Amino acid sequence: MEIIVDQLGYQQFMDILESYKQESIDNGLKGNEAYSNDPGNTWHDNFDFEVMMQKSRTIANKIDKMYEAKKFLKVIEKEDLAYHIVNIGDTLKLEIIYGDNDIEYETVILTGKYIPNVNLDIEEITLNSPIGKAIFKQKVGELIEFTLNDQKTYVKVIEKVK
């Protein structure tokens, strides 16, 4: 289960991991404070402390998942590909064919980020999304088959947008 990112995507991954670590430290300090505010009760009678312990387990789980995912990170560099080949950073007009009468047209940016930005005028798709995997390094104009939600789907890169 390879996770393909570019250098920016790797840095984004590491920033997320560091933010979880900092969140864990901050939560630990709050847990200490909650315990100190009511030291006479056992931990299961101290609601604030119990909440902090639950949150601590949740954060630790996120950190564990990030470390597991890090084993599968593959950092790639943007290659110097021919103009008619889809590359990282390209803005593309796509025709997505879900079925005979179910066709959508979208303009997207193919990104090497770990998590795409969602608040952009143009949608970002990552190299790890089903459609991103399908179109990366493919020729503009080709009809490409990929699987989305266990169904055959087709995409055609209509053009690169400058």
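These numbers come from a predicted model, not from an experiment.
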**Value rounded to 0.5 Å, distance of OG in Ser19 from CE in Met14** = 11.0 Å
**Prompt:** Can Thr111 and Ile125 be said to form a side chain to side chain contact (heavy atoms under 4.5 Å, CB included), step by step?
**Reply:** CA-CA 6 Å; Thr111 180; Ile125 58 171; over 6 Å; no
**Request:** Would you confirm whether Lys74, through its side chain, and Ile3, through its main-chain N or O, come within 3.5 Å as a donor-acceptor pair?
**Result:** no
**Prompt:** Minimum heavy-atom separation for Leu81 to Val86, with atom names?
**Reply:** CD1-O, 3.8 Å
**Item:** Atom pair NZ/CG of Lys133 and Asn128 - distance to nearest 0.5 Å
**Value:** 6.0 Å
**Prompt:** Can you name the nearest heavy-atom pair linking Ile59 to Tyr20, along with the distance?
**Reply:** CG2-O, 3.4 Å
**Item:** Under 3.5 Å: donor-acceptor pair, side chain of Asp6, backbone of Leu8
**Value:** yes
**Request:** Step by step, work out the side chain to side chain contact (heavy atoms under 4.5 Å, CB included) result for Ile63 and Leu17.
**Result:** CA-CA 7 Å; Ile63 292 170; Leu17 179 57; 4.2 Å; yes
**Prompt:** Distance-only, no hydrogens or angles: does the Thr147 side chain make a donor-acceptor pair with backbone N or O of Asp150 under 3.5 Å?
**Reply:** no
**Item:** Asp102 atom CG: more than 12 heavy-atom contacts under 6.0 Å
**Value:** yes
**Request:** State whether the number of non-hydrogen atoms from other residues, nucleotides or ligands found under 6.0 Å of Lys160 atom NZ is greater than 12.
**Result:** yes
**Asked** Is any side-chain N of the basic residue among Lys113 and Glu124 closer than 4.0 Å to the acidic one's carboxylate O?
**Response** yes
**Message:** With heavy-atom distances below 4.5 Å as the criterion, would you say the side chains of Ile135 and Leu92 are in contact?
**Reply:** yes
**Request:** Report the residues that fulfil ring pair (Phe, Tyr, Trp, His ring centres under 6.0 Å) with Phe13, sequence neighbours left out, ordered by chain and then residue number.
**Result:** Tyr114
**Message:** Go through it in stages, so that I can follow the logic: the residues are Ile109 and Glu123, the test is side chain to side chain contact (heavy atoms under 4.5 Å, CB included), and I'd like the CA-CA distance, side-chain angles, deciding distance and then a yes or no.
**Reply:** CA-CA 6 Å; Ile109 299 171; Glu123 179 182 357; over 6 Å; no
**Asked** Are side-chain heavy atoms of Ile88 and Ile76 found at a separation under 4.5 Å?
**Response** yes
**Asked** If you group Ile, Leu, Val, Met, Phe, Trp and Tyr by side-chain heavy-atom gaps below 4.5 Å, do Val140 and Tyr105 land in one group?
**Response** no
**Asked** Between Leu110 and Leu127, is any pair of side-chain heavy atoms under 4.5 Å apart?
**Response** yes
**Request:** Please name the pair of heavy atoms, one in Leu94 and one in Val157, separated by the smallest distance, quoted to 0.1 Å.
**Result:** CD2-CG2, 3.7 Å
**Item:** Gln151 atom CD: more than 12 heavy-atom contacts under 6.0 Å
**Value:** no
**Message:** As a quick check of understanding, evaluate side-chain hydrogen bond (donor to acceptor under 3.5 Å, both in side chains) for Asp26 and Gln22, giving each step before the final call.
**Reply:** CA-CA 6 Å; Asp26 294 346; Gln22 187 60 50; 2.9 Å; yes
**Item:** Inter-residue atom distance Thr126.OG1 - Phe136.CZ, 0.5 Å rounding
**Value:** 11.5 Å
**Short side-chain to backbone donor-acceptor contact, Glu145 and Lys152, under 3.5 Å** = no
**Request:** Please assess Ile85 against Gln138 for the test side chain to side chain contact (heavy atoms under 4.5 Å, CB included), listing each intermediate value before the final yes or no.
**Result:** CA-CA 5 Å; Ile85 304 295; Gln138 298 298 317; over 6 Å; no
**Complete:** For Asp100 and Ile103 the tightest heavy-atom approach is O-CD1, 4.4 Å
**Neighbour count >12 (heavy atoms, 6.0 Å) for atom NZ, Lys65** = no
**Complete:** d(Glu104 CD, Thr153 OG1) to nearest 0.5 Å is 10.5 Å
**Request:** Quick one: closest heavy-atom pair of Glu68 and Phe72, and the distance?
**Result:** O-CD1, 3.3 Å
**Item:** Heavy-atom closest contact (Val5 atom, Tyr10 atom, distance)
**Value:** CG2-N, 3.7 Å
**Message:** Within this structure, what is the NZ-NE2 distance for the pair Lys139 and His84, rounded to the nearest 0.5 Å?
**Reply:** 5.0 Å
**Request:** State plainly whether one hydrophobic cluster holds both Tyr98 and Val108, where clusters connect Ile, Leu, Val, Met, Phe, Trp and Tyr through side-chain heavy atoms under 4.5 angstrom apart.
**Result:** yes
**Prompt:** Does a side-chain heavy-atom distance below 4.5 Å link Lys93 with Glu106?
**Reply:** no
**Item:** Verify same cluster id: Ile131, Leu148 (apolar side-chain graph, 4.5 Å)
**Value:** yes
**Fill in**
Rounding to 0.5 Å, atoms CD1 (Ile96) and NZ (Lys156) come to a distance of 13.5 Å
**Item:** Salt bridge Glu79-Lys137, side-chain N to carboxylate O under 4.0 Å
**Value:** yes
**Message:** Could you check whether atom NZ of Lys21 has more than 12 heavy atoms from other residues, nucleotides or ligands sitting under 6.0 Å from it?
**Reply:** yes
